[in-house]
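Notes follow once the structure below has been shown.
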Amino acid sequence: MQQPSAIRAVDYKELKVISPVFQHESLIPSKYTCEGENISPPLQISFIPGEAKSLVLIVDDPDAPNGSWMHWLVWDIPVTHLLKEGEVHGIEGINDFKQHRYGGPCPPSGTHRYFFKIYALDKLLKLPTGSTKAQLEKLMSGHILAFGELIGLYKRKML
């Protein structure tokens with residue numbers, strides 16, 4: 001008797017996420033950090049499913065001393081293949097800086113990884129500005145069509 005194939009707990013389509021200013025797992029230019037202009041880098045997204053109604057962007061640092069540090073939460077982004085540099089494309093949540101905006105890489109020591117995670121959803125979430133990551137993830141559950149991420153690295157020059 002043939003064994004059933006392994007089933008992944010979550011099976012999303014894969015988005016391709018790249019940036020014209022840094023490569024996957026390479027250094028993020030200081031312009032996009034606390035040592036520069038502290039603006040969001042441009043992101044390009046490919047393979048968005050046709051049935052997608054919105055995008056979500058979560059930027060976090062899993063290497064922070066006290067666990068994952070939330071740098072930016074944005075939802076209800078209209079479906080697009082380009083998130084422009086320094087622009088807000090949707091509704092912003094509260095990050096771990098206690099702000100409703102992008103907070104660029106600013107590690108206290110060493111080189112940290114920054115995950116730019118993009119989700120394609122089958123609906124608009126209509127969460128209010130300032131909602132938390134937990135609230136966002138709860139509402140996203142069951143509506144994710146595709147996922148992709150770009151990882152950038154950063155180490156502060158001035159400490």
Side-chain angles (χ1 to χ4, degrees), residues 8-10 12 14-46 48 54-78 80 82-121 124-159:
R8 293 186 348 199
V10 178
Y12 306 128
E14 186 176 338
L15 298 174
K16 182 177 181 183
V17 182
I18 63 171
S19 177
V21 298
F22 69 94
Q23 300 297 313
H24 183 67
E25 296 186 347
S26 71
L27 290 176
I28 298 168
S30 62
K31 174 180 182 177
Y32 306 100
T33 73
C34 67
E35 295 183 301
E37 294 178 37
N38 207 19
I39 60 172
S40 60
L43 299 174
Q44 297 171 349
I45 308 150
S46 304
I48 300 170
S54 70
L55 302 175
V56 170
L57 170 60
I58 297 175
V59 181
D60 64 2
D61 168 8
D63 302 319
N66 295 322
S68 188
W69 186 267
M70 209 46 42
H71 284 261
W72 203 22
L73 299 169
V74 188
W75 57 86
D76 289 351
I77 300 168
T80 180
L82 176 63
L83 299 178
K84 295 180 182 176
E85 170 183 286
E87 290 188 11
V88 177
H89 300 273
I91 298 171
E92 294 175 298
I94 186 86
N95 62 24
D96 285 334
F97 297 107
K98 305 296 183 221
Q99 300 172 334
H100 306 139
R101 62 181 293 279
Y102 173 80
C106 199
S109 64
T111 302
H112 285 216
R113 296 170 298 154
Y114 297 87
F115 287 70
F116 292 77
K117 303 172 188 175
I118 303 280
Y119 300 84
L121 305 183
L124 287 170
L125 298 177
K126 300 179 182 172
L127 269 173
T129 298
S131 294
T132 65
K133 181 183 177 194
Q135 292 167 319
L136 173 61
E137 288 178 335
K138 182 177 179 181
L139 207 52
M140 284 173 45
S141 180
H143 297 284
I144 300 170
L145 299 172
F147 169 78
E149 67 184 13
L150 172 65
I151 301 171
L153 309 174
Y154 195 69
K155 178 179 182 175
R156 287 178 66 185
K157 295 171 183 66
M158 300 177 273
L159 286 177

Open item on the list: Going by the rule ring pair (Phe, Tyr, Trp, His ring centres under 6.0 Å), which residues pair with F147 if we only count those two or more places apart in sequence or in a different chain?
Closed with: Y119
- [ ] Could you tell me which non-hydrogen atom of S131 sits nearest to which non-hydrogen atom of L73, and how far apart they are?
- [x] O-CD1, 4.2 Å
Task: S68: partners by side chain to side chain contact (heavy atoms under 4.5 Å, CB included), with sequence neighbours left out - done: D60, M70
- [ ] Step by step, work out the side-chain contact (heavy atoms from CB on, under 4.5 Å) result for I91 and V74.
- [x] CA-CA 5 Å; I91 298 171; V74 188; 5.9 Å; no
Open item on the list: Looking at every heavy atom in both H89 and L82, which two are closest together, and how far apart are they?
Closed with: CE1-O, 4.3 Å
TODO: Return yes if some donor-acceptor pair links the side-chain N/O of W69 with the main-chain N/O of P62 below 3.5 Å, else return no.
DONE: no
Task: Side-chain heavy-atom pair D76, L121 within 4.5 angstrom cut-off - done: no
- [ ] Kindly indicate whether the side chain of I45, heavy atoms from C-beta on, has any atom under 4.5 Å from the side chain of K16.
- [x] no
- [ ] Can you sort out the partners of E37 under side chain to side chain contact (heavy atoms under 4.5 Å, CB included), two or more places apart, ordered by chain and number?
- [x] K31, I39
TODO: Please list, chain by chain and in numerical order, all residues satisfying side chain to side chain donor-acceptor pair (under 3.5 Å) with H112, sequence neighbours excluded.
DONE: D61
Task: Partner set under side chain to side chain contact (heavy atoms under 4.5 Å, CB included) for T33, not counting sequence neighbours - done: I28, S30, E35, P105, Y154
Task: N95 side chain to R101 backbone, donor-acceptor under 3.5 Å - done: yes
Open item on the list: Quick check: do D96 and H71 have side-chain heavy atoms less than 4.5 Å from each other?
Closed with: no
TODO: State which residues pass ring pair (Phe, Tyr, Trp, His ring centres under 6.0 Å) with W72; sequence neighbours excluded, sorted by chain then number.
DONE: Y102
Open item on the list: Going by side chain to side chain donor-acceptor pair (under 3.5 Å), name the residues that satisfy it together with H24, two or more places apart in sequence or in a different chain.
Closed with: none
- [ ] Check side chain to side chain contact (heavy atoms under 4.5 Å, CB included) between S141 and all other residues, then give those that pass, not counting sequence neighbours.
- [x] none
Task: C34 side chain reached by R156 side chain, heavy atoms, under 4.5 Å - done: yes
TODO: Could you tell me which non-hydrogen atom of L124 sits nearest to which non-hydrogen atom of S54, and how far apart they are?
DONE: CD2-CB, 3.7 Å
- [ ] Give the C-alpha distance, both sets of side-chain angles, the deciding distance and a yes or no for ring-ring contact (aromatic ring centres under 6.0 Å, His included) between F22 and Y114.
- [x] CA-CA 12 Å; F22 69 94; Y114 297 87; 9.6 Å; no
- [ ] Could you check if a side-chain atom of P20 sits within less than 4.5 angstrom of a side-chain atom of Q44, using non-hydrogen atoms only?
- [x] yes
- [ ] Apply side-chain contact (heavy atoms from CB on, under 4.5 Å) to the pair I118 and E149, showing each step before the final yes or no.
- [x] CA-CA 6 Å; I118 303 280; E149 67 184 13; over 6 Å; no
Open item on the list: Do L55 and L57 have side chains that approach each other closer than 4.5 Å (heavy atoms only, starting at C-beta)?
Closed with: no
- [ ] Answer yes or no: is there a side-chain heavy-atom contact under 4.5 Å between V56 and I77?
- [x] no
TODO: For Q23, look at atom CD and say whether over 12 heavy atoms of other residues, nucleotides or ligands are found less than 6.0 Å away.
DONE: no
Task: Residues which pass side chain to side chain donor-acceptor pair (under 3.5 Å) with T132, listed by chain and number, not counting sequence neighbours - done: Q135
- [ ] Carefully, step by step, assess L43 and L150 under the rule side-chain contact (heavy atoms from CB on, under 4.5 Å).
- [x] CA-CA 9 Å; L43 299 174; L150 172 65; 3.9 Å; yes
- [ ] Not counting sequence neighbours, list each pair that qualifies as a salt bridge (charged side-chain N to carboxylate O under 4.0 Å, His left out) and has a residue in residues 104-115.
- [x] D63-R113
TODO: Measure from the side-chain N and O atoms of S40 to the backbone N and O of G86, and report whether any donor-acceptor pair falls under 3.5 Å.
DONE: yes
Open item on the list: Under the rule for ring pair (Phe, Tyr, Trp, His ring centres under 6.0 Å), what residues qualify as partners of Y32, not counting sequence neighbours?
Closed with: none
Task: Heavy-atom closest contact (L139 atom, H143 atom, distance) - done: O-CD2, 3.5 Å
Open item on the list: side-chain contact (heavy atoms from CB on, under 4.5 Å), that's the test. Do T80 and L83 meet it? Break it down for me.
Closed with: CA-CA 7 Å; T80 180; L83 299 178; 3.7 Å; yes
